[in-house]
Visitor: 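Take a look at this one; I'll ask things after.
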Amino acid sequence: MSIVSNVREKIRLQIEKALEEARAKGALTFESIPNFVLEVPREKAHGDFATNIAMLLTKQAKLPPRVIAEHLVANFSKEATWVDRIEIAGPGFINFYLGTGWLYAVLPKVIKEDTAYGNSTYGNGEKVQVEFVSANPTGLLHMGNARGAALGDTLSNLLEAAGFDVTREFYINDAGNQIENFGKSLEARYLQLMGEDIPFPEEGYHGEDIITTVKNIIAEVGDKYLPMDSALRREFLIQKALEEKLGAIRNDLARFGVEYDVWFSEQTLHDSGAIAQTIKELQEKGYIYEKEGALWFKSTLFGDEKDEVVVRSNGIPTYFAADIAYHKNKFERGFQKVINIWGADHHGHVARMKGAVKAVGYDPDRLHVILMQLVRLFRGGEIVRMSKRSGQYVTLSELMDEVGKDAARYFFVMRSPDSHLDFDLDLAKAESSENPVYYVQYAHARINSILKASGTELPPVENVDFTLLKEEAELELIRKIADLPEEIVGAAVNMEPHRIARYAHDLASLFHSFYNSCRVLTEEEELRKARLCLVDAARITLRNVLHLLGLSAPERM
RNA sequence: GCGCCCGUAGCUCAGUGGAUAGAGCGCUGGCCUCCGGAGCCAGGUGCGUAGGUUCGAUUCCUACCGGGCGUACCA
């Protein structure tokens, strides 16, 4: 358990004991202790921890909150809690002020745990799957995919650090309508490039990248497909093109720092009969009806607005049918929790997907869908116009060329998925102070520079007197360092990776403040040793956080 | 029309059922004979509107206003 959680739990326990004691003495009456908050107050003047328990007990105890607080304090045993003094404030808050002793225990722990610092066993090895990006393999990765990639990968890192057993998965939509359409587009481009004057399908993929793909295929096979039957020709073209497109997607994601554990093909669900079987199961359970020649899933039974087609009147299952089979498959593989990261334009899909999960026999609360709002790019203060239809959009690969991997990942993760993201390209590529990515990395580089300048090995922590660290800036920095394990768990279980980006920035900020007010390489030998250890702990913490975000931790910039 | 998300400082965004609502950018003024000035310190008019629940609401609920998205036998 982390030191902060440990301290918190001890105080919580003593609060409960104090209340029971007060009741035993007849000072207080209450049925049960309500679920109270023991939080770090916003204001430092309000102590290290504060609780609202006295206000919550007013009804049960039939006493004013401050009176309840007094009884609690009178019965509170400070032993083994690090609590130095207690004050009652405001409408009835009880503020706990801690001594600094517990903070000094943090530094040796960080240095000892090193790359593992921040990790915890909170998740108990529970199996969690995170499915993200899952872009159509008919094109290149765009900004929405990029945001999903950064969010999904960072969230996966956080879950792992919090002790979950994480599987990162990419669902390949290599079947269905859009592949049909893809085939038609490829064929049209192929024939056009071979000199035939034929129209391009209106609903086809207009992007330039498809022409390039077909050119590459022609370079390999020439006119071999020309005399072929159209169906066979499309099949060949699709196969070749998918190979290329998936390869490109895989490369771009790898360059973005994202490595998947599983690439799951939709086509395999068709081939194995899993989809047919799932539909049959739903039919047997009475969740399917026929209308106008199509099979419909009764998603309205599960709170959806309207029912949804699973098999079209032409006999071909819809994407939704495949998705049901896919999610059934996920749970069959033993994932306790399944997390999907989708663009907000898919939000209408959430209710029926959860309904479907329930229909195939699993608790829909085990499926979590993170909806992320769309991304707008700005360059020179102007919106960069994009159109998927015309195939004109900035790709992930181009973004990395322009602003670099680190800046791109940080910008995508620093906002809540709920917020519409305005991505300022000029800011992201600025190699200057206004760029928040550099701010954090600079702190890390600066630390390494100090350690190098110290010219000595770090002293063994047993020989260091940490109580010499008494400056406000030092204590605040240690406090922040101590928070990492709880920050990781909080960001992971709430599925809010942007919290950790913020933490990184706050930590860097406290380090910079410390640097400006305390000289590390001072003449005072013992103080110098203590500060070197503090700096090293800050280095470890910053580096670990940067890695969680998928960013490099440069030693020089 | 109905459904989901959002409305917080000039701009981009954090944040919480509580005690004085924050950060970055931009703007102004300071700070290195010294460990990296890509840094530090100081400076502020803001929770869309109106009700409700509560000891307490920016946070929860309702209505309204404004923006985004969805509402296909597309994915």
Side-chain angles (χ1 to χ4, degrees), chain A residues 37 39 41-43 45-46 50 52 55-56 58-59 64-65 89-93 95 134-136 138 173 176-181 203 266 291-296 304-306 308-320 322-323 343-351 371-374 376 378 381 411 414-424 427 430-443 445-455 473 496 498-499 501-502 505-506 508-509 511-522 528 531-532 535 556-557:
Chain A
V37 175
E39 63 174 1
R42 193 162 46 212
E43 292 293 320
H46 297 146
N52 62 348
M55 273 107 78
L56 298 176
T58 48
K59 281 209 174 127
F93 290 103
N95 298 333
S134 298
N136 273 338
T138 52
N173 304 132
N177 257 4
Q178 83 279 3
I179 290 296
E180 287 285 307
N181 198 7
E203 297 299 312
E266 177 187 353
K291 192 178 89 182
E292 293 163 8
L295 294 183
W296 297 71
D304 197 8
E305 289 174 69
K306 52 184 277 299
E308 183 73 10
V309 171
V310 284
V311 180
R312 292 188 277 257
S313 50
N314 63 9
I316 297 172
T318 60
Y319 174 86
F320 181 50
D323 230 7
D345 52 340
H346 286 63
H347 68 75
H349 196 54
V350 176
L371 293 171
M372 44 170 197
Q373 300 297 321
L374 305 179
R376 288 193 305 181
F378 282 76
F411 271 62
M414 72 179 175
R415 303 291 182 225
S416 153
D418 277 339
S419 80
H420 299 260
L421 179 59
D422 283 351
F423 194 120
D424 184 339
L427 181 60
E431 291 194 10
S432 60
S433 58
E434 63 258 31
N435 191 328
V437 188
Y438 287 94
Y439 181 81
V440 178
Q441 291 180 323
Y442 180 67
R446 200 177 219 185
I447 289 172
N448 279 278
S449 174
I450 296 170
L451 293 176
K452 196 174 290 176
S454 77
E496 294 172 340
H498 64 280
R499 287 194 192 189
R502 189 160 209 85
H505 186 274
D506 292 347
S509 173
F511 172 75
H512 287 309
S513 294
F514 156 77
Y515 176 88
N516 274 275
S517 64
C518 302
R519 188 166 172 81
V520 179
L521 303 179
T522 162
R528 175 188 171 108
R531 285 189 174 158
L532 275 172
V535 163
R556 281 183 313 174
M557 293 172 70

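We use all heavy atoms of the structure for the numbers below, so side chains are in, but hydrogens, waters and symmetry mates are not. All chains are named by letter (A, B, ...) in the order of the sequence lines, taking the proteins before the strands, and each is independently numbered beginning at 1.
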Visitor: If you measure from the C1' atom in B:C4 to the same atom in B:A50, how many Å do you get, rounded?
Guide: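 Taking atom C1' in both B:C4 and B:A50, they lie 24 Å apart.
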
Visitor: If we only count heavy atoms from C-beta on, is the A:M55 to A:P91 side-chain gap below 4.5 Å?
Guide: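 A:M55 vs A:P91: side chains touch.
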
Visitor: Hey, which sits more toward the 5' end of RNA chain B by its nearest nucleotide, A:P91 or A:H505?
Guide: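 Result of the comparison: A:P91.
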
Visitor: Would you call A:F411 and A:V437 a side-chain contact if the rule is heavy atoms closer than 4.5 Å?
Guide: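 They are in contact (side-chain heavy atoms under 4.5 Å apart), so the answer is yes.
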
Visitor: Considering only heavy atoms from C-beta outward, does the side chain of A:M414 approach that of A:R502 to under 4.5 Å?
Guide: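 A side-chain contact is absent here, since even the closest heavy-atom pair is not under 4.5 Å.
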
Visitor: Take atom C1' in B:A14 and the same atom in B:C6, then report the distance between them in whole Å.
Guide: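 To the nearest whole Å, 14 Å.
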
Visitor: Which pairs count as salt bridge (charged side-chain N to carboxylate O under 4.0 Å, His left out) when at least one residue sits in residues 445-454 of chain A, sequence neighbours excluded?
Guide: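 Qualifying pairs, neighbours excluded: none.
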
Visitor: Would you say A:S419's side chain and A:R415's backbone share a donor-acceptor pair under 3.5 angstrom?
Guide: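 No: the side chain of A:S419 does not pair with the backbone of A:R415.
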
Visitor: Rounded to whole Å, how long is the line connecting atom CG of A:D304 with atom C1' of B:G3?
Guide: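 That distance rounds to 10 Å.
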
Visitor: Are A:F93 and B:A19 stacked, counting the six-membered base ring, centres under 5.5 Å, planes under 30°?
Guide: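 Here A:F93 meets both the 5.5 Å and the 30° conditions.
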
Visitor: Nearest whole Å is fine: how far is B:C34 C1' from A:L521 CG?
Guide: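 Value for this atom pair: 10 Å.
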
Visitor: Can you measure A:N516 atom CG to B:C35 atom C1' for me and round it to whole angstrom units?
Guide: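 For the pair A:N516 CG and B:C35 C1', the rounded distance is 11 Å.
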
Visitor: Would you mind classifying the nucleic acid contact of A:A445 as base, sugar-phosphate or nothing, using non-hydrogen atoms under 4.0 angstrom?
Guide: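 If one applies the 4.0 Å heavy-atom cut-off, A:A445 turns out to touch a base.
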
Visitor: For atom C1', what is the distance between B:G43 and B:G10, given to the nearest Å?
Guide: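 Per the computed distance, 16 Å lies between those C1' atoms.
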
Visitor: A:L371 CG to B:G3 P: how many Å, rounded?
Guide: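 It is 17 Å, rounded to the nearest whole Å.
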
Visitor: Would you classify A:S449 as touching base, sugar-phosphate or nothing, given that sugar-phosphate means primed atoms plus P, OP1 and OP2, and contacts are heavy atoms under 4.0 Å?
Guide: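 Since a base atom lies under 4.0 Å of A:S449, the category is base.
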
Visitor: When the C1' atoms of B:G36 and B:C13 are compared, how many Å lie between them, rounded to an integer?
Guide: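 Per the computed distance, 30 Å lies between those C1' atoms.
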
Visitor: Less than 4.5 Å apart, side chain to side chain, heavy atoms only: is that true for A:Q178 and A:N173?
Guide: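 They are in side-chain contact.
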
Visitor: Pick the P atom in B:G7 and in B:G15, then give their distance to the nearest Å.
Guide: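 Between the two P atoms, the distance is 10 Å.
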
Visitor: Please give me the minimum heavy-atom distance between A:P317 and A:R312, naming the atom from each residue.
Guide: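 Closest pair (atom of A:P317, atom of A:R312, distance): O-NH2, 3.8 Å.
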
Visitor: Just wondering, do A:H46 and B:A19 stack (centres under 5.5 Å, planes under 30°)?
Guide: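 Per 5.5 Å and 30° rule: yes, stacked.
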
Visitor: Please state the C1' separation for the pair B:C2 and B:U12 - nearest whole angstrom.
Guide: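 Going atom to atom, C1' in each nucleotide, I get 32 Å.
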
Visitor: Within the structure, does a side-chain N or O atom of A:K59 lie under 4.0 Å from either OP1 or OP2 of B:C55?
Guide: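 True: A:K59 side-chain N/O within range (under 4.0 Å) of B:C55 OP1/OP2.
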
Visitor: Protein within reach of the bases, or only the backbone? For nucleotides 69-75 of chain B, mark each nucleotide 5' to 3' as B, S or -, using heavy atoms under 4.0 Å.
Guide: BS-SBSB

Visitor: Once you apply a heavy-atom cut-off of 4.0 Å, does A:N95 come out as touching a base, just sugar-phosphate, or nothing?
Guide: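 Base, at least one base heavy atom under 4.0 Å.
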
Visitor: With heavy atoms under 4.0 Å as the rule, sort A:A453 into base, sugar-phosphate or nothing.
Guide: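 Sugar-phosphate contact only - A:A453 comes under 4.0 Å of backbone atoms but never of a base.
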
Visitor: Taking atom P of B:G24 as reference, at what distance in whole Å does atom NE2 of A:H512 sit?
Guide: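 Distance, rounded to whole Å: 11 Å.
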
Visitor: Nearest-Å distance, CD (A:E39) to C1' (B:G17)?
Guide: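 Those two atoms, CD and C1', are 10 Å apart.
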
Visitor: Nearest whole angstrom, please: distance from the P of B:C4 to the CG of A:D418.
Guide: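 Spelled out: CG on A:D418 to P on B:C4 is 14 Å.
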
Visitor: What integer number of Å spans the P atoms of B:G22 and B:U28?
Guide: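 Straight-line distance between the two P atoms is 25 Å.
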
Visitor: What are the atom names and distances for every N/O pair under 3.5 Å that joins the protein to nucleotides 41-47 of chain B?
Guide:
from	atom 1	to	atom 2	distance (Å)
B:C41	OP1	A:S513	OG	3.0

Visitor: Find out whether A:L532 and A:L451 are in side-chain contact, i.e. whether some heavy atom of one side chain is under 4.5 Å from a heavy atom of the other.
Guide: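 They are in contact (side-chain heavy atoms under 4.5 Å apart), so the answer is yes.
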
Visitor: Quote, to the nearest angstrom, the P distance that separates B:C41 from B:C32.
Guide: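 Taking atom P in both B:C41 and B:C32, they lie 15 Å apart.
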
Visitor: For the residue pair A:W296 and A:V310, establish whether any side-chain heavy-atom pair is separated by less than 4.5 Å.
Guide: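 No. Closest side-chain heavy atoms not under 4.5 Å.
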
Visitor: Does A:V520 form a side-chain contact (heavy atoms from CB on, under 4.5 Å) with A:R528? I'd like the steps, not just the answer.
Guide: CA-CA 6 Å; A:V520 179; A:R528 175 188 171 108; 5.8 Å; no

Visitor: In dot-bracket form, how is RNA chain B paired, counting a Watson-Crick or G-U wobble pair only if both its distances are under 3.5 Å and using | for bases paired to another strand?
Guide: (((((((..((((....[...)))).(((((.......)))))....(((((..]....))))))))))))....

Visitor: With a 4.0 Å cutoff (strictly under), does any side-chain N or O of A:R42 reach OP1 or OP2 of B:A19?
Guide: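 Answer is yes, contact under 4.0 Å.
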
Visitor: Give the rounded distance in Å between these two atoms: CZ of A:F514 and C1' of B:G36.
Guide: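 Atom-to-atom, A:F514 to B:G36, this comes out as 15 Å.
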
Visitor: Checking A:F93 now: which residues fulfil ring pair (Phe, Tyr, Trp, His ring centres under 6.0 Å) with it, not counting sequence neighbours?
Guide: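 Listed in chain order: nothing, the list is empty.
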
Visitor: With distance as the sole test, does A:T318 use its side chain to make a donor-acceptor pair with the main-chain N or O of A:V309 at under 3.5 Å?
Guide: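 Answer holds: yes.
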
Visitor: Just jot down the ring pair (Phe, Tyr, Trp, His ring centres under 6.0 Å) partners of A:H512, sequence neighbours excluded, or say none.
Guide: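 Per chain and number, A:H512 pairs via ring pair (Phe, Tyr, Trp, His ring centres under 6.0 Å) with A:Y439, A:Y442.
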
Visitor: Please name the pair of heavy atoms, one in A:V535 and one in A:I447, separated by the smallest distance, quoted to 0.1 Å.
Guide: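 The pair with the smallest heavy-atom distance is CG1-CG2, 3.4 Å.
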
Visitor: Would you classify A:A351 as touching base, sugar-phosphate or nothing, given that sugar-phosphate means primed atoms plus P, OP1 and OP2, and contacts are heavy atoms under 4.0 Å?
Guide: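 It contacts nothing in the nucleic acid.
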
Visitor: Mind checking if A:R556 touches a base, just sugar-phosphate, or nothing, with heavy atoms under 4.0 Å?
Guide: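 Here A:R556 touches the bases of the nucleic acid.
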
Visitor: With sugar-phosphate meaning primed atoms plus P, OP1 and OP2, does A:S517 contact a base, only sugar-phosphate, or nothing at under 4.0 Å between heavy atoms?
Guide: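 The residue A:S517 makes no contact with any strand.
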
Visitor: Select one nucleotide: of B:G39, B:U12, B:G37, the one nearest the side-chain heavy atoms of A:Y515.
Guide: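 Selected nucleotide: B:G37.
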
